[in-house]
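Both backbone and side-chain heavy atoms feed into the values below; hydrogens, waters and symmetry mates do not.
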Amino acid sequence: MPTGIKVKDAMVSRVVKARPSQSVLQASKVMKKENVGSVIVVEGNKPIGIVTREDIVNRVTAKNLLPSKVFIKDIMG
């Protein structure tokens, strides 16, 4: 079903990245600052995963875990 929204209007051209060793809190702050719903997890310049807002809600917040104590590597998909 067409929505009238083009992909190019909803996407960002710059990839927002995070390291596996970063805390979920750090990644969340970057996501908020950059106004994005996900970050690509990289080692060096190689993408190894992704973390989305939904990952943070389901794997951290809903489990009452402290975002500053949970690492990206532990929740990335």
Side-chain angles (χ1 to χ4, degrees):
M1 166 182 5
T3 63
I5 299 172
K6 296 180 181 178
V7 172
K8 70 177 184 171
D9 295 333
M11 63 182 241
V12 295
S13 58
R14 189 172 63 80
V15 176
V16 180
K17 301 180 251 182
R19 295 180 317 279
S21 60
Q22 280 183 280
S23 72
V24 171
L25 179 61
Q26 291 170 316
S28 297
K29 287 181 178 184
V30 169
M31 291 167 67
K32 181 178 178 176
K33 179 182 175 204
E34 298 294 333
N35 194 30
V36 295
S38 63
V39 290
I40 303 300
V41 184
V42 296
E43 280 186 341
N45 285 326
K46 181 181 177 189
I48 61 167
I50 188 169
V51 169
T52 66
R53 285 186 184 139
E54 186 173 357
D55 293 327
I56 293 169
V57 168
N58 292 336
R59 298 177 181 169
V60 181
T61 310
K63 294 181 178 180
N64 199 26
L65 301 176
L66 197 57
S68 61
K69 302 292 183 188
V70 179
F71 298 98
I72 292 296
K73 66 183 176 186
D74 298 324
I75 69 163
M76 70 181 192

If you look only at distance, which donor and acceptor atoms sit under 3.5 Å apart when one is on a side chain in residues 62-74 and the other is two or more places apart or in another chain?
none

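Residue-environment remark: CZ (Arg19) stays at or below the threshold of 12 foreign heavy atoms within 6.0 Å.
For the side chain to side chain donor-acceptor pair (under 3.5 Å) condition, the pairs that include at least one residue of residues 37-53, sequence neighbours left out, are Thr52-Asp55.
Under the side chain to side chain contact (heavy atoms under 4.5 Å, CB included) criterion, Val57 pairs with no residue at all, not counting sequence neighbours.
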Chi angles and distances behind the side chain to side chain contact (heavy atoms under 4.5 Å, CB included) call for Met31, Val16: CA-CA 8 Å; Met31 291 167 67; Val16 180; 5.7 Å; no

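Under a hydrophobic-cluster definition in which Ile, Leu, Val, Met, Phe, Trp and Tyr are linked whenever side-chain heavy atoms come within less than 4.5 Å, directly or via other members, Ile50 and Leu25 are assigned to different clusters.
Lys17 NZ to Glu34 CD: the interatomic distance, rounded to the nearest 0.5 Å, is 12.0 Å.
Scanning both residues, Pro47 and Val42, for their nearest heavy atoms gives CA-CG1, 3.9 Å.
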